[in-house]
Amino acid sequence: MEFILYEVNGAVGTITINREKALNALNSQVLDELNATLEAVDLDAVRCLILTGAGAKSFVAGADIGEMSTLTKAEGEAFGKKGNDVFRKLETFPIPVIAAVNGFALGGGCELAMSCDIRICAENAVFGQPEVGLGITPGFGGTQRLARLVGAGMAKQMIYTARNIKADEALRIGLVNAVYPAEELLAQAQKMAGGIAKNAPIAVRNCKKAINEGLDVDMDKAIVIEEKLFGDCFETEDQKYGMAFFLDKNKEKVKEPFQNK
Ligand code: DAK
């Protein structure tokens, strides 16, 4: 891998987009390597992922404008599909993914962060969808995911004006969940990921599925999705252990890690 670093600490995997010279812009190779990295995650061992960018300046400064500038219609479609497939893989990845946004998250970078389950950012983070200034629309799901996250009115304002927003505004509109000093960002992401990784993995996965799939359908159908995934938990050893531990009156007992079974 030239442009992706992947490291595992305990049950938390960290993927770093490592193309610092181009502010981690997404070219075809980065997208291919990100896809291959996700394919290779050991889901028996890793229970939460963190996605971040290399360096102190940028998470991802968008799709690679140099590469895009010469694309034909067919090549543009192929590039769009490559990106959309990997973003969708991230969004529907079985385990949660936290975007630790350490600087610019523009265009495809903002869209990449929005494909993650949770976004936290550094104080120097900058978000925006500058595409209309380049003569294109957001193409990696920006019109869809931004509207779902911050509401149609705010998404339309950001997309039509192509204005960048800073971390405090991103927090105010609900695009990120928390803002930290840059030097604390990764430790905070690790802490959150570690907390998620301690919970019953199958239950966490089912929650992700229930929220994602439920948001795509009406409430009557959404509740049925939740019921099914709730029911599935009762086939797991982790549910039996988790409830038995709660009911056990021996307060000296130490809770064992969940088994992912
Ligand atoms: N692509 C390629 N290279 C980039 C880049 C990008 N998006 N962003 C930055 N770089 C490169 C710069 O060219 C520069 O390279 P060198 O000149 O050193 O070789 C290096 O990174 C450092 O950048 P700057 O010198 O510009 O650094 P500054 O601090 O002055 O400015 C900046 C930082 C982030 C404000 C600026 O670099 C900037 O405005 N970058 C472009 C941001 C942007 O417009 N991003 C959105 C790209 S459009 C599609 C699906 C999706 C998309 C398209 C199609 N289909 C469905 C087909 C997505 C589109 C986008 O993401």
Side-chain angles (χ1 to χ4, degrees), residues 2-5 15-35 38 51-92 97 99-116 119 121-150 154-170 175-176 179 182 185:
E2 186 181 355
F3 294 135
I4 299 285
L5 305 173
I15 298 175
T16 305
I17 298 179
N18 184 31
R19 196 180 170 222
E20 205 178 334
K21 274 196 207 149
L23 302 184
N24 305 319
L26 303 172
N27 61 13
S28 302
Q29 190 179 339
V30 174
L31 292 172
D32 283 338
E33 291 185 9
L34 181 56
N35 186 53
L38 290 172
L51 179 65
T52 193
K57 191 170 166 183
S58 182
F59 173 69
V60 167
D64 190 301
I65 300 172
E67 181 175 327
M68 277 191 301
S69 64
T70 57
L71 296 183
T72 61
K73 184 168 179 286
E75 288 166 344
E77 278 176 18
F79 180 71
K81 177 161 172 35
K82 196 188 281 279
N84 277 321
D85 286 354
V86 69
F87 283 33
R88 190 76 182 125
K89 182 173 280 180
L90 206 53
E91 186 168 46
T92 58
V97 185
V101 179
N102 56 314
F104 292 112
L106 301 177
C110 188
E111 291 168 309
L112 183 64
M114 291 192 291
S115 301
C116 299
R119 285 149 297 285
C121 75
E123 285 166 345
N124 69 330
V126 176
F127 296 82
Q129 297 290 160
E131 286 86 349
V132 294
L134 294 165
I136 56 176
T137 65
F140 290 148
T143 56
Q144 303 310 307
R145 294 194 180 97
L146 190 59
R148 283 166 172 75
L149 274 169
V150 304
M154 190 55 80
K156 286 176 175 175
Q157 182 179 327
M158 278 181 69
I159 291 170
Y160 300 168
T161 63
R163 187 176 68 84
N164 291 343
I165 61 169
K166 293 186 178 159
D168 55 346
E169 193 171 351
L175 184 53
V176 299
V179 181
L185 179 66

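Each ligand, and each atom within it, is numbered from 1 in the order the structure gives.
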Check whether more than 12 heavy atoms from other residues, nucleotides or ligands sit under 6.0 Å from atom NZ of K89, and answer yes or no.
yes
Thinking salt bridges, do [X] and [Y] make one under a 4.0 Å N-O criterion?
X    : Y    : result
E77  : K81  : no
E91  : R88  : yes
E169 : R163 : yes

Under 3.5 Å donor-acceptor, E33 side chain and E2 backbone:
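At least one qualifying donor-acceptor pair exists.
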Any donor and acceptor pair, going by atom type alone, linking the side chain of N35 with main-chain N or O of V86 inside 3.5 Å?
no
For ligand 1, give me the residues whose heavy-atom distance to it is below 4.0 Å, by chain and number please.
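Those residues closer than 4.0 Å to ligand 1 by some heavy atom are K21, A22, L23, A25, K57, A61, G62, A63, D64, I65, M68, G76, G80, F104, L106, G107, G108, P130, E131, L134, I136, G139, F140.
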